[in-house]
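Note that the structure is a prediction, hence the values are computed from the model and not measured.
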Amino acid sequence: MTGTDVRNEADDSGPSGYAAARLRLLGEEARSGPPRRAALAGLTDDWLAGLFTAAAPDLRGVSLVAVGGYGRGELSPRSDLDLLLLHDGTAPDAVAALADRLWYPVWDLGLALDHSVRTPAEARRTAGEDLKAHLGLLDARHLAGDLGLTAALRTTVLADWRNQAPKRLPELRDLCAERAERQGELQYLLEPDLKEARGGLRDATALRAVAASWLADAPREGLADARRRLLDTRDALHLATGRATDRLALQEQDQVAAELGLLDADTLLRQVYEAARVISYASDVTWREVGRVLRSRSVRPRLRAMLGGGRPVAERSPLAEGVVEQDGEAVLARSARPERDPVLPLRAAAAAAQAGLPLSLHAVRRLAAVARPLPTPWPAEARERLVTLLGSGRPTVDVWEALEAEGLISRLLPDWERVRCRPQRNAVHIWTVDRHLIETAVRASELTRRVSRPDLLLVSALLHDIGKGWPGDHSVAGEIIAKDVAARIGFDPADATVLATLVRHHLLLIETATRRDLEDPATVRAVADAVGTQSTLELLHALTEADALATGPAAWSSWRGSLVADLVRRVGAVLAGNDPDEPEPAAPTAEQERLAIEAFRTRSPVLALRAQPEPAGEEETPGAPEPLGVELLIAVPDQPAVLPAVAGVLAVHRLTVRTAELRTLRLPDDVDDGAVLLLNWRVAAEYGSLPQAARLRADLVRALDGSLDIAGRLAERDAAYPRRRGWTAPPPRVTVAPAASHHATVIEVRTQDAPGLLFRIGMALEKAGVQVRSMHVSTLGANAVDAFYVTTGTGAPLPDGDAASLARLLEETLRG
């Protein structure tokens, strides 16, 4: 039976005819989705128009109007009818009688009805006072009666909406935010409200209202399809339950899935989550654009007055190579060439997250459209940018979602597709698998000061549940995937093995601590055998805590934390081996020795800057990661303040230190009985090209003789750029490593990397009057992990009290 046949059946048979036709329509298995909703709306339109005509064939100045969801033609099987009886005020008694003859037949059929009777002026006044009423009128659709009356109201209401947009849109944004706080996020809930939760049908309707204001518009790709999927799900839910409900309860999900022809309830939820994610992301982008436009409107008149007219140019400040900040967003620089720069998506994402900024929609779409895929293995910079992104705390979530919305995450990490939007039917878990992984990275970013390899902690957080997209034990499957991913993104075989171990055993500590007897030596020995090393144990402890905190409030407590800490202490005692004394430095290369001799003879610094190091007399380790940045070799006659001078010059030239080593090199006996400080560093330009070696040397000479005011130059540069809120990194942690060396005191510094960091540390060490015997500096993502071997002026380790005081001094310096 066609839609026309169903309508004709209802034409002359009153409410019972409409009810029969409606029942027949809803029972047609061949018709579902938009065609069924359109047919149901059409059937209802004809019935109500017939009631109107029969009740008031000669009444003028009255019309029947569908508003809200019915006005949009979105009638689900149990949807209520939103109706407005509009009249010109000339015959109130007749209108009241007409209302009775319209509303009662609807109630008699048991249909929910949201109704009102108003004049155009009353409708307009109500819309001005009630935002929800105004939203409903934006979808007004004529059903019967005076078409001119309906058309005039539509025109007036829409004009009011556009004129009042600067006031009404912030109200609508607050309404959406309050509802999201109350109902939660549709894309993560096990029993979501398809209409009220964030990313649901209410938000989709709000996006239509924003578009109607002409002030901003939502990203349209996928939005109509996402809305259709949620409406289809609600239709199936109404049919399955026989009730007007929007909540997709657990006990009804299998039946709803079957109604939609889906495999099972998990497939249903994943489809719902994907739709909600599209709407949520579109909402984020749209409300950000609304805010930008409204700010621009409020500032523009004043700027025009100051500039004498014309359009003001938005300020752009650099964030990273090819990435700038503009209008509160991270956007691509005009010089950016994503088609030639495969690392740019990760660089832009990391820069945005570190600055606490959203990635602009235009930037993400351009990157998705033209950026070349990364080679395998990834270049070192790509791996570092991923680590920086993962370590950026809460801003990571929004930036990650922006990349995912345009398909960039699955392109970078193909294994991600299996866990994307995957539900977790476990009352302890509050997130989908993919969001749980990102939440774990966010939690891990708060624990990076506890580990010596924050990069491995953050990547293991991202991958620890990656095996949940495969059948069987997810830890076993995840171990294989993690090792493959680690190799693909450029970790060396040893680090890949550690990552695989962390993923394989990410539940080991919590399960052992809460289910086994820790007094049994066999229990502790089994954990020690599985973990293998102290550094892996340190990482696994932090990963365990981050994983539990990201799971939900029921997964972690002070009691559980104390049990895990006790187990870690016992396993650490078993794993404790020989005293890890300071490693012997490798023999100097021929070039290093040449530079040292030249520096000693000329009594001035000598340096060499090049992209690739010389072979060190042996073949490169197979599978070793590509070094990041360029090699900078500096030889300086032994003298005070070398470390702050070199670090300060590099900071002035905007060079980021990726790794750094400093050591004292004794000259060959046939040259002289002297010493030279040898610095072997890897540096990278923040943006732009590297400075010339001659320029670096000239500034280093000036820094050493005191004629270059490094602190002043750095302060001037900091003052020239606005302070960004960004993400609040964990506080620095400075400790004295016990028994780490017989010859020196080892000070370990773990903090957030920042321009001039090594300069500040070097100045603090210089003021403290200690000598830096050697140092080993690593920048892992945005985390600096540094070790300084310091002695007294006579070359002895510091007394315990002095060492503790120095650690406190450094920590206070870095906090300030």
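Residues satisfying the salt bridge (charged side-chain N to carboxylate O under 4.0 Å, His left out) criterion with R270, sequence neighbours excluded, are absent altogether. A search for ring pair (Phe, Tyr, Trp, His ring centres under 6.0 Å) contacts involving W400 returns W416, not counting sequence neighbours. Considering only residues two or more places apart in sequence or on other chains, H506 meets the side-chain hydrogen bond (donor to acceptor under 3.5 Å, both in side chains) condition with D465, H474. Under the rule for a side-chain hydrogen bond (donor to acceptor under 3.5 Å, both in side chains), S460 has no partner lying at least two apart in sequence or in another chain. E178 meets the salt bridge (charged side-chain N to carboxylate O under 4.0 Å, His left out) test with R182; sequence neighbours excluded. When the side-chain hydrogen bond (donor to acceptor under 3.5 Å, both in side chains) test is applied to D753, no partner is found at least two apart in sequence or on another chain. Scored by the ring pair (Phe, Tyr, Trp, His ring centres under 6.0 Å) test, W287 finds no partners at all (sequence neighbours excluded). When the side-chain contact (heavy atoms from CB on, under 4.5 Å) test is applied to A224, no partner is found at least two apart in sequence or on another chain. With sequence neighbours excluded, the residues forming a side-chain contact (heavy atoms from CB on, under 4.5 Å) with S778 are L780, listed by chain and number. Applying the side-chain hydrogen bond (donor to acceptor under 3.5 Å, both in side chains) test to R713 and every residue at least two apart in sequence or in another chain returns nothing. Scored by the ring pair (Phe, Tyr, Trp, His ring centres under 6.0 Å) test, H436 finds H429, H464 as partners (sequence neighbours excluded). Every residue two or more places apart in sequence or in another chain was checked for a ring pair (Phe, Tyr, Trp, His ring centres under 6.0 Å) with W556, and none qualifies.
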